[in-house]
Asker: 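If you scroll down you'll find the structure; I have some questions about it.
On a predicted model such as this, the values are computed, not experimentally measured, just so you know.
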Amino acid sequence: QNHESNSIKYNTVQQYAQNYLTGLLKVNPHGPYYLFGSAFGGIVAYEMACELMKRKKYVKLVAMVDTPNNLDMPIIPTTLLECLHHIYSLNHDLTELNEIGNDEEKVLKYIAQKIMPSAHQKNHIETSTLKYLKSYFNMVKFDMNAIKEYQLPISSKPFPIMYFKAKIRRDRDSKYPEKAWRELQEINKEDFEYIELDGNHMSVNFFPTCEIIANTIIFLKWL
C-alpha cells in the first residue's frame, strides 16, 4: 500500500484481503497456503484464509502474532495521539505530547525528533519526512478503524491457527488477545496452537524473537 495519504484505497479488512489475494493467486494459484500476519496483519491473513476456503483452496495454516480483535481491545486508537501512544509508548516517554495538544504539524515534528535517528542530526526536519509520517499514521488510523468494524466470520471450512502472544502487556493492550481466536477454533473444532514469546507487542517482531517465530512455522511446515 502506498504511503501517500491520498492514495489509501483500503478501508476494510475485506478490501485489504482481496488486494493481497489478487497478488497471491497470481504467483501461487493452487496452494497449499501458509498465511502469516502480525497484529493487524493477522486479521487480514485470517480473512484471506476464509476467502480461499470459499474458493475451494487448501489453507494449511494461519499464523498470527499478538493479533487482537475489536471485542478484546481496551482502547482502539483512532486519533493521531492515540496511535502514537499505541506504537511508541513502551520504548519512549511521550508525556510531552499532552502539552503539544492537537496541533498535528507540531506533533509530527516532535515524533520525528524523538523517534527518527536521522532527524536528531539536522537543524530542520525535511518536508518529505513530515509528509511520510503523516501518510504512515493515516494508514495506521485506517487499520485501527478497520479492526473496529471487523466481525470475525466463521470459515466455510476450518483451518489450523498458530497464535504467538507477547508476554509483556501494556494497559492499552488486550490482556488475552488469543481468547476470541481460541473460542473460534473451539466452535470450528479445529487446531489452535498457542505460543508465548518474551517481549512486547512491538519487540516480538524483531530479532531474535522473529527468528523463533519463523523457525517454528518452518518446522511445522515440514512435519
Asker: Distance-only, no hydrogens or angles: does the Tyr58 side chain make a donor-acceptor pair with backbone N or O of Met53 under 3.5 Å?
Answerer: no

Asker: Out of curiosity, does Phe192 fall in the hydrophobic cluster containing Ile187 (side-chain heavy atoms, cut-off under 4.5 Å, transitive links)?
Answerer: yes

Asker: Tell me whether the centres of the aromatic rings in Trp181 and Tyr194 are closer together than 6.0 Å.
Answerer: no

Asker: Evaluate the criterion side chain to side chain contact (heavy atoms under 4.5 Å, CB included) for residue pair Met48 and Tyr20; output intermediate values, then yes/no.
Answerer: CA-CA 8 Å; Met48 290 173 65; Tyr20 288 122; 3.7 Å; yes

Asker: Determine yes or no for a side-chain-to-main-chain donor-acceptor pair under 3.5 angstrom, with Thr67 supplying the side chain and Ala39 the backbone.
Answerer: yes

Asker: Applying side-chain hydrogen bond (donor to acceptor under 3.5 Å, both in side chains), name anything that partners Lys167, two or more places apart in sequence or on another chain.
Answerer: Asp198

Asker: Give a yes or no on whether the backbone of Thr12 and the side-chain of Gln15 come within a donor-acceptor separation of less than 3.5 Å.
Answerer: yes

Asker: Answer with yes or no whether the side chains of Asp66 and His201 bring together a donor and an acceptor at under 3.5 Å.
Answerer: yes

Asker: Is there a side chain to side chain contact (heavy atoms under 4.5 Å, CB included) between Glu105 and Lys109 once you walk through the steps?
Answerer: CA-CA 6 Å; Glu105 185 174 350; Lys109 285 182 177 180; 3.4 Å; yes

Asker: Are Cys83 and Val140 close enough that some pair of their side-chain heavy atoms sits under 4.5 Å apart?
Answerer: yes

Asker: Would a 4.5 Å heavy-atom cut-off, applied to side chains only, mark Val62 and Met162 as touching?
Answerer: no

Asker: Main chain of Asn28, side chain of Tyr33: is a donor-acceptor contact present, judged purely on distance under 3.5 Å?
Answerer: yes

Asker: Determine whether Leu152 and Ile154 fall in the same hydrophobic cluster, where Ile, Leu, Val, Met, Phe, Trp and Tyr are linked whenever their side-chain heavy atoms lie under 4.5 Å apart.
Answerer: yes

Asker: Under a 4.5 Å cut-off applied to non-hydrogen side-chain atoms, are Phe36 and Leu61 in contact?
Answerer: no

Asker: Strictly by salt bridge (Lys or Arg N to Asp or Glu O under 4.0 Å), give each pair with a member in residues 15-38 just once, sequence neighbours left out.
Answerer: none

Asker: Do Lys175 and Asp173 have side chains that approach each other closer than 4.5 Å (heavy atoms only, starting at C-beta)?
Answerer: no

Asker: Do side-chain atoms of Lys60 reach the backbone of Pro160 as a donor and acceptor pair under 3.5 angstrom?
Answerer: no

Asker: For side chain to side chain contact (heavy atoms under 4.5 Å, CB included), just list the numbers for Glu211 and Thr209, CA-CA rounded to whole Å, side-chain angles, deciding distance to a tenth of an Å, and then say yes or no.
Answerer: CA-CA 5 Å; Glu211 185 176 66; Thr209 312; over 6 Å; no

Asker: Sequence neighbours excluded, which residues qualify as side-chain hydrogen bond (donor to acceptor under 3.5 Å, both in side chains) partners of Asn188?
Answerer: Gln185

Asker: Tell me whether Asp171 at atom CG has more than 12 heavy atoms from other residues, nucleotides or ligands lying less than 6.0 Å away.
Answerer: no

Asker: Can you check side chain to side chain contact (heavy atoms under 4.5 Å, CB included) on Met64 and Ile161, steps first, answer last?
Answerer: CA-CA 8 Å; Met64 52 184 69; Ile161 290 178; 4.2 Å; yes

Asker: Report yes if some heavy atom in the side chain of Leu35 is under 4.5 Å from a heavy atom in the side chain of Val44; otherwise report no.
Answerer: no

Asker: Would you call Arg182 and Glu186 a salt bridge, using N to O less than 4.0 angstrom?
Answerer: no

Asker: Under a plain distance cut-off of 3.5 Å, with no hydrogens placed, do Tyr150 and Gln14 share a side-chain donor-acceptor pair?
Answerer: no

Asker: Rounded to the nearest 0.5 Å, what separates atom NE2 in His85 from atom OG1 in Thr79?
Answerer: 8.5 Å

Asker: Taking Ser203 for the side chain and Asn200 for the main chain, is one N or O donor matched with an acceptor at less than 3.5 Å?
Answerer: yes

Asker: Before giving the answer on ring-ring contact (aromatic ring centres under 6.0 Å, His included), spell out for Phe40 and Tyr16 the whole-Å C-alpha distance, their side-chain angles and the decisive distance to 0.1 Å.
Answerer: CA-CA 11 Å; Phe40 175 75; Tyr16 273 98; 5.1 Å; yes

Asker: Heavy atoms, side chains only, cut-off 4.5 Å: are Asn138 and Lys141 in contact?
Answerer: yes

Asker: Check whether any side-chain heavy atom of Leu97 sits under 4.5 Å from a side-chain heavy atom of Tyr110, and report yes or no.
Answerer: yes

Asker: Heavy-atom distance under 4.5 Å between the side chains of Phe159 and Tyr46, does that happen here?
Answerer: yes

Asker: Identify the two heavy atoms, one from Ala166 and one from Gly199, that lie closest to each other, and give their separation to 0.1 Å.
Answerer: CB-O, 3.5 Å

Asker: With Lys134 as reference, evaluate Val107, Leu108, Thr129 under the side chain to side chain contact (heavy atoms under 4.5 Å, CB included) test and give the passing residue.
Answerer: Leu108

